[in-house]
Amino acid sequence: MREMSTPTLELASAEAIARYEPVIGLEVHVQLATVTKIFCGCPTSFGAPPNTNVCPVCLGLPGALPVLSKDAVELAVKAALALNCQIRSQSRFARKNYFYPDLPKGYQISQYDEPLAEHGWVDIRIDGQTKRLGVTRVHMEDDAGKSIHDGFKDSDLYTYVDLNRCGTPLIEIVSEPDMRSADEAYAYLTELKQMLQFVEVSTCDMEKGHLRCDANVSVRPKGAANFGTKAEVKNVNSFRFVKIALEYEIARQVALIESGGEVAQETRLFNPDTGETVGMRSKEHAHDYRYFPEPDLAPLRISDAWLDQIRATLPELPAQKRQRFVESFGLRDYDAQVVTLTRATADYYETVAAVSGDARAAANWVMGELTGALNAEGKAIEESPVSARQLGELVALIRGGEISNKLAKEIFPKMLASGESAPAIMEREGLKQISDSGALEKIVDDAIAASPKQVEQYKSGKTAVLGYLVGQVMKASRGQANPGSVNELLRKKLC
Amino acid sequence: MEISALTIEGVREGLRRRAFSATELATEALRFAEAENPKTNAYLRFCPERALEAAGRVDEKIARGEDTGPLGGVPVAVKDVIVTKGLRTTCGSKLLANYIPPYDATAVQRLEAAGGVILGKANCDEFAMGSSNENSAFGPVRNPAALDRVPGGSSGGSAAITAQGTAVVALGSDTGGSVRQPASFCGVVGVTPTYGRVSRYGLVAFASSLDHIGPFGRCVRDAATLLGVIAGRDELDATSAEAPVPDYTAQLDGNVRGLRIGLPREYFNGLASETGDLIQAGVETLKKLGCQVKEISLPATDYAIACYYIICTAEASSNLARYDGVRYTFRSASSGALSDMYRNTRGEGFGAECKRRIMLGTYVLSAGYYDAYYLKAQKVRTLIARDFTNAFAEVDAIVTPVSPFPAFKLGEKLDDPLQMYLSDIYTITGDLAGIPCMSVPCGRTAAGLPVGMQILANHFDEARMFRLADAFERSYR
């Protein structure tokens, strides 16, 4: 790994960087969650044997023609609406021409000067403030296949091509150059991902390449009016890498300018192993994609009626949900944020809140016990062995005073393990709260008899010692006593 | 049976009277075609198994007393730019010399479903680029009317087969005149339907916004019947039209009295040739049939050639990108680096005309030139289409020559691409406007060379175009 040990460019110091303002725009490719491809009926499923999810259309065989999928259009429009874009009543597909072995048509069908949607925005929270970032455009396109350069016995001689991914529907979301730090870019991506998952436009599974990101970045002295020369950083395929790549690139560009050099307009490749970016091609060698309108497809017309139909399928968006949870459920900002991180979490939480009748306790249980348990097992909330309804029942039992919080925490792991409901476990294990006053009275009397010293103290005015006595009773009852009743009973007996 | 003069009606009659079975007809047609083919090189290959299978199905239907379909038992040739499942489809190119498609074009599917019997694949200019059929990687086609002359192009094989009688009808494709011009040169009927009338699914793309599949026949009725079979909406082609398909043969009654015919002066200026005289005589015939003939103007005509060669080359440069050495079996032996594979495969694989058009098309789409060439050409295209819209407000059909000259000698224009391009001068406007147009035989020159008359009609008005052509044809019988 010679590249790794070769001394690389001296990066700028923090002080130098502080004198500059980065300007960042992101191009994000998102795979739409359609069952079939964008221009044919082949499945989009991941992991099929190479070159099996293919047909004449997605293979680009001579004579085959694309037919636009209505599902793909509807998901793309949904995404654009969620990003507050204006949907064009007419948009047009265009061919983006370039040669590559995994691009069997020799062109990608994309959109160029008449994209699906424009003029949107995304709000991010950064340093406790809300910042609005512009979305320039959202357009549709088909994905290429995959070139596989490694992993075969003869990989030194051959590149293998898998065309299963060809024709997978994508949207490209282009932001305005509105971000001013790597953190803002990170926040934008997080918000974008959450939004797209929420409206169920994409799974945004980065490991499967469902969300890919290119970053345009330049720096300028603070206060300067004009943008500096930008570099485009490609191949940044996790949010963490976006941050690392941007921070590297900012430091590199500042160092260049500080040392009297100039930033070259070029495409740079991020190397996840080194955390650095490497020049790939300069402006002079930039591709000329020779865009022209795709003659095989008519312009895409979206009527007001169709648009309204799609809009009606939009769920409540994360920001709206958060606001509602704070305003009507009395959640704290932070809690509302956490339980709306994904659509599944939000849906789960709302069910727990509704079934239990205690929205705040529901939030605590979802964020605490449930999340902890799921994390420990590496499971997503959709795979939770305890359904939202079951957790709601458990919280309802606490709320109704039938079990203590402590007892509930003993029951919960049993629910996780067996999938049984809380009432069923209580019933079977006899964990039902001791409500028989005779039985409770006996335990209380025993506790008083066993703690003469504490009783003395209590009677001499040190009422705080009551907690100890309650504890003793709870312990003796194996947590099944109602702490409220115990309190009451002890007070009565000790006065 | 006089196989070389059979019509669709003749086949139906013969089958009905049990003069021959479909299998006998296919066998005899194949034998005759294989014997005659060396004269013209019009067929690139035959598919006897497929033909006999199709004929067998027709015979089974007859035995069961079922309808055999509008093309029941009819021998058909298919231009080699139209894909056939399991049957090599080369597009006249070295690059696809061994390519076997895994699917049938919609037109092929429909014609076989209608009982048609495909005998083989017809020679053509490479990727349908040419006006003489000399650009085929598998040798030129000779004109059956004069074997030292070209049959026209690019559907030269389909036209020659129809003229030679080695099939009853044939499918060709037309982007700038590739059906009408060879039909004219070979003395048969050739039809370019309205854009969107026939599905392009399975037609290997040359210039997608201009490509049409079109039928050839020895008479108007046969061409109309074949179009009726292949026309109509296809879910697999987003540009195919919903419009219902009328019965094109139902209206071939010979009555064209009162039909208004326009003669665009731009097409007749300086046409002082035998071709011009024959067309003028044809116009006189139309008058005798009761048509009202008037001069009209299509002022944007002068820009048509330039406009056409920008749009078609631009689209071709993109459509032909896929022949890159990765697939379709042809790859240059010098394919070390990826860029070498691309350059050498395409350099060795494509013929001169394809390369010329790919380069032209790449140039006109390049950054900095797009607006000046491609965008402007699209605007001119709109003007040309508008000319026709205006004209069809006044007339029912337009009549012009198909080509300024009859079939020329092999090799005569091969080194002069511009001269070659000019042979499309009367046919490209119909493609640019997307209107239906056709060539119908209009006599022969003193040397015996066929000349065709072009009829153009309004969008989806094929029925009226056929009625006029049929009436005209009857006056010659």
Side-chain angles (χ1 to χ4, degrees), chain A residues 38-41 51 54-57 59-70 92-109 112-113 144-145 147 149 157-161 163 166 283-300, chain B residues 81-83 89 91 93 95-96 99 101-106 127 196 199-205 207-211 234-240 311 314-315 317-328 338-339 341-343 346 361-370 374-375 378:
Chain A
I38 183 168
F39 298 125
C40 64
N51 300 307
V54 291
C55 74
V57 176
L59 287 174
L61 292 188
L65 297 170
V67 177
L68 180 61
S69 145
K70 198 173 162 229
R92 197 186 289 271
F93 285 89
R95 291 191 187 173
K96 179 180 182 178
N97 296 284
Y98 63 97
F99 285 91
Y100 209 69
D102 59 25
L103 186 73
K105 297 190 299 297
Y107 53 84
Q108 187 183 14
I109 303 178
Y112 186 53
D113 50 2
S147 293
H149 302 289
L157 288 172
Y158 297 104
T159 292
Y160 285 76
V161 175
L163 299 178
C166 277
K283 187 187 175 190
E284 289 70 37
H285 293 96
H287 281 135
D288 178 356
Y289 290 117
R290 293 174 286 118
Y291 281 100
F292 73 103
E294 166 58 278
D296 288 332
L297 294 168
L300 171 58
Chain B
V81 292
I82 300 170
V83 302
T89 300
C91 298
S93 178
L95 278 159
L96 290 180
Y99 175 59
Y103 74 104
D104 275 325
T106 298
F127 290 104
S199 168
R200 289 185 294 116
Y201 191 74
L203 168 63
V204 178
S208 314
S209 76
L210 295 157
D211 291 342
D234 176 15
E235 294 299 325
L236 298 175
D237 176 359
T239 62
S240 82
I311 292 171
E315 293 181 10
S317 73
S318 174
N319 283 326
L320 270 54
R322 69 193 67 191
Y323 311 109
D324 56 8
V326 177
R327 297 159 308 272
Y328 315 120
L338 183 61
S339 54
M341 177 180 77
Y342 289 148
R343 286 200 189 92
R346 292 166 68 79
T362 303
Y363 179 78
V364 299
L365 288 178
S366 299
Y369 298 103
Y370 180 87
Y374 187 79
L375 206 61
Q378 288 294 7

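Lettering of chains follows the sequences in order, A, B, ..., and the numbering in each one begins at 1. In this text, all values refer to a predicted model and were calculated from it rather than measured experimentally.
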Shorter than 4.5 Å, heavy atoms on both sides: which option in Val81(B), Asn319(B), Val364(B), Leu375(B) has the most such pairs with chain A? Asn319(B)

Examine the side chains of Tyr370(B) and Arg290(A) and answer whether a donor and an acceptor come within less than 3.5 Å of each other. no

Region of Tyr201(B) in contact with chain A, defined by heavy-atom distances below 4.5 Å: both

Minimum heavy-atom separation for Asp288(A) and Ala367(B), please, with both atom names. OD2-N, 2.8 Å

Where does Tyr291(A) contact chain B at under 4.5 Å (heavy atoms): side chain, backbone, both or neither? backbone

Indicate yes or no for a side-chain donor-acceptor contact from Asn97(A) to the backbone of Ser318(B) under 3.5 Å, with no hydrogens or angles considered. no

Determine the option with the most heavy-atom pairs under 4.5 angstrom with chain B, choosing from Pro66(A), Ala298(A), Gly106(A), Pro101(A). Pro101(A)

Run the side-chain hydrogen bond (donor to acceptor under 3.5 Å, both in side chains) test against Ser366(B) and tell me which residues pass, sequence neighbours left out. none

Assess whether atom CZ of Arg343(B) is packed by more than 12 heavy atoms of other residues, nucleotides or ligands within 6.0 Å. no

What part of Asp296(A) lies closer than 4.5 angstrom to a heavy atom of chain B: side chain, backbone, both or neither? both

For Ala321(B) and Lys105(A), work out which heavy atoms get closest and say how close. CB-O, 4.2 Å

So which of Leu96(B), Leu203(B), Val83(B), Ile82(B) has the largest heavy-atom pair count under 4.5 angstrom toward chain A? Leu203(B)

Where do Ala238(B) and Val67(A) come nearest, in terms of heavy atoms and distance? N-CG2, 4.2 Å

If you look at every heavy atom in Tyr103(B) and Ala64(A), which pair is closest and at what distance? OH-N, 2.9 Å

Please flag which part of Glu235(B) lies under 4.5 Å from any non-hydrogen atom of chain A: side chain, backbone, both or neither. backbone

From Leu338(B) CG over to Thr159(A) OG1, what is the distance, rounded to the nearest 0.5 angstrom? 8.0 Å

Residue selection (most heavy-atom pairs with chain B, distance under 4.5 Å) from Tyr100(A), Phe39(A), Tyr289(A): Tyr100(A)

Where Pro62(A) and Tyr99(B) come nearest, the two heavy atoms and their spacing: CD-OH, 3.7 Å

Contacting moiety of Phe99(A), where chain B heavy atoms sit under 4.5 Å: both

Of all of Cys55(A), Cys40(A), Pro293(A), which one pairs up most often with chain B through heavy atoms under 4.5 Å apart? Pro293(A)

OG on Ser209(B) to CZ on Phe292(A), rounded to 0.5 Å: 8.5 Å

Does any backbone or side-chain atom of Arg200(B) lie under 4.5 Å from a heavy atom of chain A? Answer side chain, backbone, both or neither. both

When heavy-atom pairs shorter than 4.5 Å are enumerated against chain A, which of Val326(B), Leu236(B), Thr89(B), Asp324(B) gives the highest number? Leu236(B)

Exceeds 12 heavy-atom contacts within 6.0 angstrom, atom OH of Tyr112(A): no

